[in-house]
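All residue numbers in this chain count up from 1 along the given sequence. In this text, all values refer to a predicted model and were calculated from it rather than measured experimentally. Each ligand, and each atom within it, is numbered from 1 in the order the structure gives.
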Amino acid sequence: MKLKTLAIASLLGLGAQAFAQAPAPYGPVPNDRQLEWYDREIIAFFHFGINTFEDFVNEGDGKAPAAIFNPTQLDCLQWMETLKNAGIPAAILTAKHADGFCLWPSRYTDYGVKNSAWKNGKGDVVREFTDACEETGIKAGIYLGPHDRHEHLHPDYTPQRYKDYYANQLRELMTDYGKIWETWWDGAGADELTTPLYTEWYKIVRDNQPDCVIFGTKNSYPFADVRWMGNEAGHCGDPCWATTDSIAIRDEAAYYDALNQGVLNGNAYIPAETDVSIRPSWFYHSEEDGRVKTPAELWDIYCTSVGRNSVLLLNLPPDRRGLLHPVDSLNVVTLRKGLDETFGNNLLSKAKVSSAAGRGKGFEPRLLIDGDSKTYFAGKDGVKGADIIFKLPKQETFDCLMLQEVIELGHRTTAWCVDYSDNGRDWTTIPETAGCQSVGHKWIVRFKPVTARYVRLRIKDGNASPALHTFGIYRQSELLK
Ligand code: OTN
């Protein structure tokens, strides 16, 4: 981690004179779970369950007979192969969706795989999923839907009684399946489940899986490492702050704004996770085979999620065979190829960099283009602005840029833009950057192609002096168009 590197440099005696001191963090900062989560960038969501075996059902009522669950060729390694080719390092499986059907042989219910036709009731999808994750180095996550329509049908159902049922199932999943990297507490239909219920469930996660990122919303929000982003269309707000308020906001519109945009200088660090399906539905339905999001649509979503300081949780629903459909796989792998082509060539990488701003040795502006996310440019304490000029070896045409902040040091920059010039004296602001505010983990802006010899990153305002580790300009890959 960059902060550690600098601390070691100063311990070795390189510090006092040779290196300037690192800036102090500003405001709430990410914990280690959040830092690891941000670096995933894209997580796969696998909605798979009894709904897959019903025609056009996405929110089952808990009454479908367990026997109908019967994938003919389930192969979780096939799912992982797509993730490996798509550069997706983590995945979350719906172990139980709102219909209550359990993909593992839970000791606490008969409603699940053990009463299905699949493998004569001897199968365990969660086991096959976590084993495949382990074998391929993918980080496994579990969605255990808090809302359970099947249990609601029980004549003695009360939220208090359900608390123990859910706790027992959560304990099975948090203890019997190895390391779990994320749990997902969907807020859909779960309003009656109060924060005290979640308090007990939270302890089960934390005691057994200390590194597990918790997605929380509504009444589970006090335990959240990451928040819901406010819609399922992939559109984070602009700005999108990782900070927000830890107390639930009563007013509905303000609540959705706080989810979508965060709260500048909010008192808690709870970044936004963006859940969106590659198909219109969350579960697979063959009727939607012609409506899979294209690489260009996925690129749009990537830019308004990962490129807006969020992490993309992309749903790839397995079909009735228990396999990913080839079009879903192809499109997400093409997205990765397009991302690699686009961001693999920073047109600033050979530029001469100059700035009157700068903290001193160890924090020079050229570190913005060295391709190393552990080194960074930082300004002087108390100076919130900075102009950094990049002179390219020759004129370049570009239509995309990316800026990344040192998130360990908090949300610092709050207003910035990018200008271009042919002579280094007369500058034009790229219009799409004129209102840029938040940076955070990654901010991407796309625009009409610009041709220029000079580029200027202009940090206009901040909570504190800037600390930025990467800046680049790019041409968008043809694969993404
Ligand atoms: O009808 N809904 O419940 C609904 C419609 C559209 C978008 C979301 C929802 S529910 C919503 O789901 C989120 C995850 O996608 C979070 O869990 C929210 O807390 C929940 O209200």
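- Ion pairing between a basic and an acidic side chain is recognised when a charged N comes within 4.0 Å of a carboxylate O; Arg321 and Asp319 show such pairing.
- Crowding of Lys179 atom NZ: a count of heavy atoms from other residues, nucleotides or ligands under 6.0 Å exceeding 12.
- With respect to the salt-bridge test (charged N to carboxylate O, under 4.0 angstrom), the residues Asp225 and Arg33 qualify.
- Checked for salt-bridge contact, Lys448 and Asp399 miss the test: no charged N lies under 4.0 Å from a carboxylate O.
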Practice problem: Just do the side chain to side chain contact (heavy atoms under 4.5 Å, CB included) check on Trp228 and Asn260 with the steps written out, would you? | Solution: CA-CA 8 Å; Trp228 187 40; Asn260 193 237; over 6 Å; no

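- Salt-bridge formation is detected for the pair Lys96/Asp148: a Lys NZ or Arg NE/NH1/NH2 atom is positioned less than 4.0 Å from an Asp or Glu carboxylate oxygen.
- For ligand 1, the 4.0 Å heavy-atom shell takes in Trp184, Asp186, Gly187, Ala188, Thr217, Lys218, Trp228, Glu232, Asp275, ordered by chain and residue number.
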